[in-house]
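One structure is given below, encoded as structure tokens.
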Amino acid sequence: MQETYENIPGQSKITFLLQAIRNTAAAEEARQMAAVLLRRLLSSAFEEVYPALSPDDQTSIKSGLLLIIQLETQSSMRKKICDIVAELARNLIDEDGNNQWPEVLKFLFDSHPRVRYAACNAIGQMATDFAPGFQKKFHEKVIAALLQTMEDQGNQRVQAHAAAALINFTEDCPKSLLIPYLDNLVKHLHSTMVIKLQELIQKGTKLVLEQVVTSIASVADTAEEKFVPYYDLFMPSLKHIVENAVQKELRLLRGKTIECISLIGLAVGKEKFMQDASDVMQLLLKTQTDFSDLEDDDPQISYMISAWARMCKILGKEFQQYLPVVMGPLMKTASIKPEVALLDTQDMENMSDDDGWEFVNLGDQQSFGIKTAGLEEKATACQMLVCYAKELKEGFVEYTEQVVKLMVPLLKFYFHDDILLTNSTSMPLLLECARVRGPEYLTQMWHFMCDALIKAIGTEPDSDVLSEIMHSFAKCIEVMGDGCLNNEHFEELGGILKGKLEEHFKNQELRQVKRQDEDYDEQVEESLQDEDDSDVYILTKVSDILHSIFSSYKEKVLPWFERLLPLIVNLICPHRPWPDRQWGLCIFDDIVEHCSPSSFKYAEYFLRPMLQSICDNSPEVRQAAAYGVGVMAQFGGDSYRPFCTEALPLLVRVIQSPDAKTKENVNATENCISAVGKIMKFKPDCVNVEEVLPHWLSWLPLHEDKEEAVHTFNYLCDLIESNNPVVLGPNNSNLPRIFGIIADGEIHEAIKHEDPCTKRLANVVRQVQTSGGLWTECVSQLNADQQAAIQELLNSA
């Protein structure tokens, strides 16, 4: 069957599948399958199939699909056909954003409510799938059409779906696009809310109101401070809903309203929100005290928990006073233990009707079941704990111990990826919170975490979760510093990292074998690419962990590292893919930066590859190599001298190549410029500084790589402060050019204002300010933006 289908030409496939979908006499399953295949065909082979059809065929397909939606009675089938329409409509948007199927929008005004409903669905789907391009191109038409459809008082479902599509649209809509419509949006949303509140009181209908409340939240979330003028229009009604919607059937509405209030508060900021903050907190606290009466599946719980976290973000340190009230229910929800069962297949089939169980087949007629009720809430609660730790820092110290005791065992919680992800993220944050209790308390807490983290790195099967855990472990080592790992830890970690690197090479070989297979095609290549991406991501995390160990332990960790050395050397072989070479070089960069002069004993393995990589085809590899030359000059010691001399012409070649400043090349180029600066500053006897300096000045300022920008500006200040004649030029003639460099750096925010370097740059400017004529000459050569930037610099430092 599969083969027959594959061999039908594309155009005939469309006709064949449309007929199958239309055939209401056929089995539901066959029609659904045809719908899925048609959507896939349009998403994977649109360019080959659709343009080859005659204009008449194209028109009949479009009208055919829209007719099917009107006639379809099955809701799941209708959704699938809407998906096809959304896919086709999306493909009919060209590069310039012209829509070749404008009828889709007209369907919002179709006489048949089911079609209006489907059109809302399709637009909502496109807004999510093709953001922000879809929003940029169709904001004018879509917002107007959806607002008009929301006025459809005769049809609740259509209204609710128009509001839902508006939520999808505004969620990913760039703020600048939404602002011009804000007045109109707010006016519509407010009038709909007022009508729907009346309907709720008179008839008890709530579907549209729930969606409208969420639409208001979404608009406020995107508009941020621009929502301030409308704040007083909505807040009294929203507070009224929370106070009065206490019946069981209104729980979802109340939860969504609590969410809306907290999102508006976050959008407008503390100053505006403070007038209602204590009322809102009292409402939340009242719900909180009734919390014990809420059933476990009450939808308000997760909304409440998220709202508390937003209140914490708004109030900052002032939120600390509420922790005693909030933490009890939060810990209770975070501690939910899911119901699990080991069943044979027969029992499982009897249970599958019982809602809320998910099963994993263990083979051998056995299945592992978990009841998913409460898991989402548990995940949200864990995320909120992380939020409190992050926002309140030492203000959260009272709770760190109980949270750590809850979180660490959850590193083995395989039932829910979000819970695993959140818990690993929390570890370094909790250590930061606990720091105020002194080193002994901190070390005890770290010991409780450390073993579990290392075990999790060794056993976690999911690569997304694994990479998060590895990243967190690296962050923890940075917080704890030298001495935080004992010999057993090092032994176990060394074995695990060695295993990860060996697996990395083995997986690459397996992928090469699959590429020789007779079934190999584009689809296989796509999934091989995905595997490759996640393998490389794990490699970056191996690099993170090594970075944190080298920066904490310095050269005394090198004997431990030697068991990994052959594998890292293998990464930088010339025939390896560029990500391998990039990350292999990064690891050697760290060794030079943190373990010199001892690092030179490995020079035979990495120096040649590093110098050869300066001019590599891949910008990522060039960047890693150039950074390596910079740290050789800065930290490497005398043994590296001749190699700095050898690297200089290679760095210059990269900087002077015609496409050096293009988007993909600029970071590598800036690292080369910075490396030239570091050679002149730290190894001046390796180069002819007077000859290189004028060139180096002409390459400034750097503004993409912020870390390297600080190095170059600090060196520039050294040169100016020591009155270097080459930099200042005869009679200070270079100063206007230097002012231009400083101003451009400020415009591109190359240096943070709190960085000491900002003060040095401002002092350079102030010194010139005192000598009238020179100051006028410098400023007159700057454009208006540059002049404003110099003023900004003087104000900030």
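- Taken from CD in Gln211 to CD in Gln159, the straight-line distance is 11.0 Å, to the nearest 0.5 Å.
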**Q.** Working for side-chain contact (heavy atoms from CB on, under 4.5 Å), residues Glu243 and His240
**A.** CA-CA 5 Å; Glu243 275 170 60; His240 178 81; 5.7 Å; no
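- Within the structure, the salt bridge (Lys or Arg N to Asp or Glu O under 4.0 Å) test picks out no pair touching residues 40-51 (sequence neighbours left out).
- Counting heavy atoms from C-beta outward, Ile747 and His703 have side chains that stay 4.5 Å or more apart.
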Report all side-chain donor-acceptor pairs from residues 162-178 shorter than 3.5 Å, counting only partners two or more places apart or in another chain.
unit_1: Asn168; atom_1: ND2; unit_2: Gly124; atom_2: O; d: 3.2
unit_1: Thr170; atom_1: OG1; unit_2: Leu166; atom_2: O; d: 2.9
unit_1: Thr170; atom_1: OG1; unit_2: Ile167; atom_2: O; d: 3.3
unit_1: Thr170; atom_1: OG1; unit_2: Ser218; atom_2: OG; d: 2.7
unit_1: Lys175; atom_1: NZ; unit_2: Glu224; atom_2: OE1; d: 3.0
unit_1: Lys175; atom_1: NZ; unit_2: Glu225; atom_2: OE1; d: 2.8
unit_1: Lys175; atom_1: NZ; unit_2: Glu225; atom_2: OE2; d: 3.1

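- For residues 144-168, the set of pairs meeting the salt bridge (Lys or Arg N to Asp or Glu O under 4.0 Å) definition, not counting sequence neighbours, comprises Arg116-Asp152.
- Annotation: the span from Leu18 atom CG to Ile61 atom CD1 amounts to 6.0 Å, rounded to 0.5 Å.
- Between Leu88 and Val85 the shortest side-chain heavy-atom distance does not fall below 4.5 Å.
- Pairs engaging residues 141-162 under the ring-ring contact (aromatic ring centres under 6.0 Å, His included) rule: Tyr117-His161 [sequence neighbours left out].
- Within 6.0 Å of atom CD in Glu29, 12 or fewer heavy atoms from other residues, nucleotides or ligands are found, so the atom counts as exposed in its surroundings.
- Side-chain contact check for Ile261 versus Met235: some heavy-atom pair is nearer than 4.5 Å.
- Taking each heavy atom of Ala334 and Lys378 in turn, the nearest pair found is O-NZ, 2.8 Å.
- Residues Asn121 and Gln125 bring no donor and acceptor atom of their side chains to less than 3.5 Å of each other.
- Here the side chain of His471 pairs no donor or acceptor atom with the backbone of Ser467 at under 3.5 angstrom.
- Looking only at distances, a side-chain donor or acceptor of Asn91 sits under 3.5 Å from a matching main-chain atom of Leu42.
- In this structure, a donor-acceptor pair under 3.5 Å is absent between the side chains of Gln32 and Gln74.
- Residue pairs satisfying the salt bridge (Lys or Arg N to Asp or Glu O under 4.0 Å) criterion with at least one member in residues 260-284, sequence neighbours excluded, are listed as follows: Asp232-Lys272, Lys239-Asp276, Lys239-Asp279, Lys270-Glu318.
- Applying the side chain to side chain contact (heavy atoms under 4.5 Å, CB included) rule to Ala223 yields the partners Ile179, Leu182, Lys226, Phe227; only residues at least two apart in sequence or on another chain are considered.
- You'll find the side chain of Gln153 reaches within 4.5 Å of the side chain of Ile195, heavy atoms only.
- Proximity of Met126 to Val142: side-chain heavy atoms (C-beta onward) are nowhere separated by under 4.5 Å.
- No side-chain heavy atom of Arg251 sits less than 4.5 Å from a side-chain heavy atom of Arg254.
- No side-chain heavy atom of Pro180 sits less than 4.5 Å from a side-chain heavy atom of His139.
- Within the 4.5 Å cutoff, no side-chain heavy atoms of Asn23 are placed close to those of Arg31.
- Under the 4.0 Å criterion applied to side-chain N and carboxylate O atoms, Lys256 and Glu259 are not assigned as salt-bridge partners.
- In terms of modelled atom types and a separation under 3.5 Å, the side chain of Asp221 and the main chain of Ala217 share no donor-acceptor contact.
- Using cut-offs of 30° and 60° on the angle between ring planes, the pair Phe319 and Tyr322 is tilted.
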